[in-house]
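Below is one structure, written out as structure tokens; the observations come after it.
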Amino acid sequence: MSGEPNLLGDYVRARRELVTPEQAGIPAWGVRRVPGLRREEVAMLAGISADYYLRLEQGRDRNPSVQVLESLARVLQLDDDATAYLLRLGADKPRRRRRRQETVPPGVAKLVATLPLPAYVEGRYFDVLAANALATALSPRLAAGANRLRDVFLDPAEQALYPDWENAAMGMVAGFRESVGTDTDDPRFIELVGELSLASSRFSRLWARHDVEACEGAPKHIDHPQVGGLQLNRERLGIGGTAGQTLVVYHPDPGTDSADKLALLASAIGTTAGEQARADA
């Protein structure tokens, strides 16, 4: 037991440090050595003993009841996604087998290639598993073999695409934690988090917050170096029969300036492809 990661304890401790006494509705008495709530304050508000809460944080009790976890979620002011994540951490389930290499279903790969919109397939560790030409034109990093987390945190050219990079990075880390869930013994996860923690202080700080947020569709503003600002809708569609793969598609509102710019980008791709075909002939 001692060699296993203390996912539940690490999570509640990190979230406890983000809730102030004022937010919890209790007086901030005495000299405080912690940035958020004290352990005994969380225990009191959740209706459990301070000793039991300490055992939870230290990993000496890893399977509390649903009622205890829901009480902690209320005290820690977790939203629905974060509460669901907390409940998964406290569930007593067998360790999963190592996952095989992620492979895109052939039919999905064909669909991505023929879509007239920027589209790519993302794995559960945010690896780009397949992408069409228009997605790569939107960002050269949207290509098979790339990793979205690594590029957003380590590649200045990718960061420059997002005017609101700080919030984009925060949302991506929260989505990554939600996607991985409790499968933190996978070598791919260990390698990626270790690399980013050493190479990016921003990633390290965000990872330590233990934010959790489901990856969903959302509007995205992209500052493209060739066509300028693009306001696009990003849709994320789960791919059936896979272990967490997602089809990501960007599309503009019809009749907008962004629609014209995306058409221009698509036209440029077609022109380049045609020139290459004539050169090869």
Side-chain angles (χ1 to χ4, degrees), residues 1-27 34-99 124-126 170-186 188-190 193 206-218 236 238-246:
M1 179 69 73
S2 60
E4 297 179 7
N6 181 20
L7 300 180
L8 176 62
D10 291 344
Y11 184 62
V12 295
R13 182 176 63 254
R15 302 312 299 179
R16 168 173 66 84
E17 294 175 352
L18 296 175
V19 181
T20 66
E22 291 76 15
Q23 290 172 326
I26 61 176
V34 294
L37 294 176
R38 297 184 173 108
R39 291 190 183 94
E40 59 269 23
E41 291 170 337
V42 174
M44 175 191 69
L45 293 170
I48 59 179
S49 72
D51 178 67
Y52 180 58
Y53 178 78
L54 178 62
R55 295 205 306 274
L56 289 178
E57 273 205 7
Q58 293 179 340
R60 291 184 286 131
D61 190 318
R62 302 193 179 208
N63 301 114
S65 68
V66 171
Q67 290 79 8
V68 167
L69 292 173
E70 289 178 339
S71 293
L72 289 174
R74 172 181 52 79
V75 174
L76 300 175
Q77 303 183 10
L78 303 183
D79 61 17
D80 290 344
D81 290 337
T83 298
Y85 178 77
L86 176 64
L87 291 173
R88 291 203 305 275
L89 292 182
D92 186 11
K93 53 189 177 185
R95 185 177 296 277
R96 299 181 184 181
R97 293 185 223 171
R98 300 291 190 198
R99 294 183 182 275
R124 68 193 311 265
Y125 299 119
F126 288 15
M170 181 178 291
M172 184 167 286
V173 171
F176 178 66
R177 189 179 288 278
E178 198 279 337
S179 176
V180 172
T182 58
D183 290 344
T184 57
D185 60 336
D186 189 289
R188 177 67 180 135
F189 166 83
I190 296 170
V193 172
L206 290 175
W207 188 249
R209 286 175 55 91
H210 287 251
D211 290 329
V212 177
E213 181 180 327
C215 292
E216 298 175 347
R236 302 180 61 89
I239 299 175
T242 68
Q245 291 182 26
T246 304

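For reference, positions follow the sequence shown, starting with 1.
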Counterpart residues, side chain to side chain contact (heavy atoms under 4.5 Å, CB included), relative to Arg55 (two or more places apart) = Asp51, Tyr52, Arg60, Asp61

query = Do Leu8 and Leu69 have side-chain heavy atoms sitting under 4.5 Å apart?
reply = yes

query = What residues, two or more places apart in sequence or in another chain, satisfy side chain to side chain contact (heavy atoms under 4.5 Å, CB included) together with Asp80?
reply = none

request  = List for me each residue that meets ring pair (Phe, Tyr, Trp, His ring centres under 6.0 Å) alongside Tyr85, sequence neighbours excluded, and say none if there are none.
outcome  = Tyr11

message = I'd like to check the salt bridge (charged side-chain N to carboxylate O under 4.0 Å, His left out) partners of Glu41; sequence neighbours left out, ordered by chain and number.
response = Arg32, Arg38

inquiry  = Tell me every residue that passes side-chain hydrogen bond (donor to acceptor under 3.5 Å, both in side chains) with Asp211, counting only those two or more places apart in sequence or in another chain.
reply    = Arg15, Arg209

Which residues share a side-chain hydrogen bond (donor to acceptor under 3.5 Å, both in side chains) with Arg236, sequence neighbours left out = Glu122

request  = List for me each residue that meets salt bridge (charged side-chain N to carboxylate O under 4.0 Å, His left out) alongside Arg177, sequence neighbours excluded, and say none if there are none.
outcome  = none

Give every donor-acceptor pair under 3.5 Å between a side-chain atom in residues 16-24 and any protein atom, sequence neighbours left out.
{"unit_1": "Arg16", "atom_1": "NE", "unit_2": "Glu57", "atom_2": "OE2", "d": "2.7"}
{"unit_1": "Arg16", "atom_1": "NH1", "unit_2": "Leu37", "atom_2": "O", "d": "2.8"}
{"unit_1": "Arg16", "atom_1": "NH2", "unit_2": "Glu57", "atom_2": "OE1", "d": "3.3"}
{"unit_1": "Arg16", "atom_1": "NH2", "unit_2": "Glu57", "atom_2": "OE2", "d": "3.3"}
{"unit_1": "Thr20", "atom_1": "OG1", "unit_2": "Gln23", "atom_2": "N", "d": "3.1"}
{"unit_1": "Thr20", "atom_1": "OG1", "unit_2": "Gln23", "atom_2": "OE1", "d": "3.4"}
{"unit_1": "Gln23", "atom_1": "OE1", "unit_2": "Thr20", "atom_2": "N", "d": "2.9"}

Pairing residues for Asp79 by the salt bridge (charged side-chain N to carboxylate O under 4.0 Å, His left out) criterion, not counting sequence neighbours = none

query = Are the side chains of Pro64 and Leu72 in touch, meaning some heavy atoms are under 4.5 Å apart?
reply = no

ask   = For Gln67, which residues count as a side chain to side chain contact (heavy atoms under 4.5 Å, CB included) partner, sequence neighbours excluded?
value = Ser65

query = Do side-chain atoms of Arg13 reach the backbone of Gln58 as a donor and acceptor pair under 3.5 angstrom?
reply = no

request  = May I have all residue pairs that pass ring pair (Phe, Tyr, Trp, His ring centres under 6.0 Å) and include part of residues 58-82, sequence neighbours excluded?
outcome  = none

ask   = Sequence neighbours excluded, which residues qualify as side chain to side chain contact (heavy atoms under 4.5 Å, CB included) partners of Met172?
value = Phe126, Arg148, Leu149, Val152

